[in-house]
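Protein chains get the first letters and strands the later ones, always in sequence-line order, with residue 1 at the start of each. The figures here come from the full heavy-atom set of this structure, side chains too, leaving out hydrogens, waters and symmetry mates.
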Amino acid sequence: MQAIQQQVDAVLASGRVGVPSPIPAGNAGPMQVGWPALQGADLPWHGVHEAFGALDAAALRLPAMSMALHLAWRAVMQAPSPHRVLWVGRHAWPHPRALLGSLRGLRGGWRQRLDARLWHASVFVDAGGLVDRLWATEMSLQAPGAVLVVADGAGLNLTATRRLQLAATACPVLLLRPAHEAASPSAAIIRWRVQAGTHQDQPAWTARAVRVRSGLPPAWLDAAVSWDAWWERGSDAVAWEGILPRVNTMDRPQHPMESEHGTHAGDPAAVVARRPGDPIAPPAGGLAA
Amino acid sequence: MSRDRCSGKAVEVPFDAAADDRALNAFAGWCLRYGPATAVERSPGPAAVCVNVRGCEGVHGGWGRLLQRVQRDMDRLGLHASGAVAGGAAASLVAAAHHSWQVIQDHGEWLDQAPLDSLRLSPQVPVALAEVGVRTIGQMRRLGAQALADRFGEGPWHRLQLALGQATEGMTSVVPQGPLRCALAFDGPTARPEALQQGVQSCLQRLVHRLRRRCLGSLHVRVQLRRASAAPTRLEWRLARPSRGLRHLWRLMQPDLERVHLGHDPAEGIEAVQVTSLRHVSMAPGQAELLHGSVESQGPSWAEWIDRVRQRLGGVSLRVPHAQADPDQARAWAMRPMADAGAAAQAPMPSIEFLLPLRPTVRVAPPRAVEVACDARRRPVQVRLRGALQPVLAAEGPDRVEAAWWRGEQGTHDRWRVLADGAWWWLRRDGAAWWLEGAWT
């Protein structure tokens, strides 16, 4: 009896007993995505993540590709080789040029060189219908060496996202969903709303976490992150890097697109975006989250 | 670009790495008439085939006569080729580039005089060495192994050792064998799915055993079900990588076999099954295979994953990015089907000058017509997006590209990157018409 008690004590001491988290622990560790707004914590590298593009519309799908590219670059740079990034569904396929980064360094002179790591790691899955797309996304999560799956998430319901949540233990799946599905229920652990904009005459983006499941830091809710495309200004680094901590909430007139797609009440994305042409700069009050 | 043999005119043929590789493999098989083993050379440089003719001198009446015969055959085929006979495959490749159609009997001074390009190194190595005055193999040899390895890794020195005959060469021979078949005839026609599956499994086991014994892996498998009173049913599977894994092959076959209609009457059922490997290539034995008789003890491989996706979604469902220098954006940036086994993984990329210009993150395919208002200098000032005219806050362009004249296309396209409605858009102007081609989203 004493031996059993000792075993119980040992288990309790190890912290393996407790209320189970709705977010399954991933096989892979968290990913450093370079977003200071997450307050030092790294993004959990498993489960279902969702991104809604503010420009996306039913008639013309323009998904939040920049977030997928940003995370893909991060994953490829940090994951051990061999690694693969799988893009499922034609609406989740980026322009191939966006898979090439540029390096500029001393080695070989101050000439630009291509960084084709993401180019060589990318595999595109052409899955048409909803059923095939869901099957291909689930299969992609089982692919050997997969570090990130980016999938067209249009039309996926709660059951489908739960199924993906259970499958996404080794690597995460980022669902690129159309803006009009922003109110649909989902099992995603984090949901982002991405706003395209500009910074110093270059494309730049701001994303806001509009839903964060329990198990993640509550302060992440409403946290805003931003990054831009440093295609041709890199210095000894991959050009596509969104690492700049210039973020945050700022007051500005409502964007016409937000009223068109009817962002629901309480969605912070409805009041967060920059006026076109404005630089992204940290607010005087610091992080709002 | 190629030349039409009938008309003599230049024609544009899109580069297909997989088809190129298949043709080279077929050519290597054709070259078996010169020697007992041939292999496709995979090192950087022009396409090459190595033929092992060791001990065949008497058959051909001397090396000189063999070279004459090869040269005559290449002329007849219309191929611009060079060849040589030397002590090993790597030495022959150097000789073919530097002393074409000659028999090199020794590893003497000729190799020292040969240019570095003929050693088939990575393209940047000869360029970097030329900058410090090293242009021939002899000069490179004098640098020494350590100096080369410090700067370029082990590869160049190993290549040199191969050419000198001081390192062991391995050849992945082209396998000339025909199809391998295993068949099983039932006592009578059967309509029972269990009997059919057991029969196919039995044939597959024997086929896998034969493949393993010959160090082969199958790339194309066919199952033929012979019926008593109907045409036979044929099922085929093409594999991404050579395989002789029983579980892998069976997992591919099982879903399709379950869908086969076996007939309502047992008398109309299946009489016999035949499992055939239609195409196979050499495949080295694995350690796990030697110990346990199976290579699949470590979970599904990448090749198996590819096969399962292709089986459900189709042969072209998996794609990889492709770039080529072309004014047509759809041709310049494309998604090509993933190459088959043994093929070159991807086509070589065009120059960095072509690849670096900014492109959108999302392509709108096909492009959509948009209404754009221009100023007196023909710069866009307003663009209609989502039903409303939006002022253009910034515009970069025009990026003017001439059409592909060699395809009979004429005119020029102007491309603009415009900031409107809170985002950057990628527009193309053809005369008076404007098209939305992409966006940074």
*Asks:* Side chain, backbone, both or neither: which part of I306(B) has a heavy atom under 4.5 Å from chain A?
*Replies:*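 Contact with chain A: none, neither part.
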*Asks:* Sort A143(A) into side chain, backbone, both or neither according to what part of it lies under 4.5 angstrom from a heavy atom of chain B.
*Replies:*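 When you check distances to chain B, atoms from both the backbone and side chain of A143(A) fall under 4.5 Å.
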*Asks:* Decide side chain to side chain contact (heavy atoms under 4.5 Å, CB included) for L86(A) and W305(B); before the verdict, give the C-alpha distance in whole Å, the side-chain angles of both, and the deciding distance to 0.1 Å.
*Replies:* CA-CA 12 Å; L86(A) 295 108; W305(B) 184 88; 3.3 Å; yes
*Asks:* Is the CD atom of E154(B) crowded by more than 12 outside heavy atoms at less than 6.0 Å?
*Replies:*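 No, CD of E154(B) has 12 or fewer neighbouring heavy atoms, counting only those of other groups under 6.0 Å.
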*Asks:* When you measure from the side chain of W205(A) to the backbone N and O of T441(B), does any donor-acceptor pair fall under 3.5 Å?
*Replies:*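 Here the side-chain-to-backbone pair exists.
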*Asks:* Crowded around R384(B) CZ? As in, over 12 foreign heavy atoms under 6.0 Å?
*Replies:* yes
*Asks:* What heavy-atom pair brings S122(A) and P321(B) nearest, and what distance separates the two atoms?
*Replies:*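 Looking at all heavy atoms of both residues, the closest pair is O-CD, 4.0 Å.
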*Asks:* Please classify the contact of A116(A) with chain B as side chain, backbone, both or neither, using a heavy-atom distance under 4.5 Å.
*Replies:*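 Contact with chain B involves the side chain of A116(A) alone.
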*Asks:* Identify which of A64(A), P63(A), G128(A) forms the greatest number of heavy-atom pairs closer than 4.5 Å to chain B.
*Replies:* P63(A)
*Asks:* Could you check which of A136(A), S140(A), A127(A) has the highest count of heavy-atom pairs closer than 4.5 Å to chain B?
*Replies:*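 Looking at each option in turn, the highest pair count goes to S140(A).
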*Asks:* Just verifying a value: how many Å separate R97(A) CZ and R363(B) CZ, rounded to the nearest 0.5 Å?
*Replies:*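 If we round to the nearest 0.5 Å, R97(A):CZ and R363(B):CZ are 13.0 Å apart.
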*Asks:* Identify which part of W426(B) has an atom lying under 4.5 Å from any heavy atom of chain A, answering side chain, backbone, both or neither.
*Replies:*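 The answer is neither part of W426(B).
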*Asks:* Is the shortest side-chain heavy-atom distance between P96(A) and M335(B) below 4.5 Å?
*Replies:* yes
*Asks:* As an exercise, state the distance from CG of L313(B) to CG of D132(A), rounded to the nearest 0.5 Å.
*Replies:*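 Between L313(B) CG and D132(A) CG, I get 5.0 Å after rounding to 0.5 Å.
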*Asks:* Counting neighbours of CZ on R331(B) that are heavy atoms of other residues, nucleotides or ligands and sit closer than 6.0 Å, is the number greater than 12?
*Replies:*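 Yes, the 6.0 Å shell around CZ holds more than 12 heavy atoms from other groups.
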*Asks:* Using non-hydrogen atoms only, which part of W87(A) is less than 4.5 Å away from chain B: side chain, backbone, both, or neither?
*Replies:* neither
*Asks:* Please tell me if the side chains of V123(A) and R319(B) come closer than 4.5 Å, counting only heavy atoms from C-beta onward.
*Replies:* no
*Asks:* Between W135(A) and R308(B), which heavy-atom pair has the shortest distance, and what is it?
*Replies:*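 Minimum heavy-atom separation between W135(A) and R308(B): CH2-O, 3.6 Å.
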*Asks:* Tell me, with the steps shown, if M338(B) and F124(A) meet side chain to side chain contact (heavy atoms under 4.5 Å, CB included).
*Replies:* CA-CA 9 Å; M338(B) 195 183 266; F124(A) 298 86; over 6 Å; no
*Asks:* Given that the side chain runs from C-beta out, which part of V125(A) has a heavy atom under 4.5 Å from chain B: side chain, backbone, both or neither?
*Replies:*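 Both parts, backbone and side chain.
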*Asks:* Just to verify, which of V362(B), T361(B), L436(B) counts as forming a side chain to side chain contact (heavy atoms under 4.5 Å, CB included) with L62(A)?
*Replies:* V362(B)
*Asks:* Quick check on Q124(B) against chain A: is it the side chain, the backbone, both or neither that has a heavy atom closer than 4.5 Å?
*Replies:*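 Answer is neither: Q124(B) stays 4.5 Å or more from chain A.
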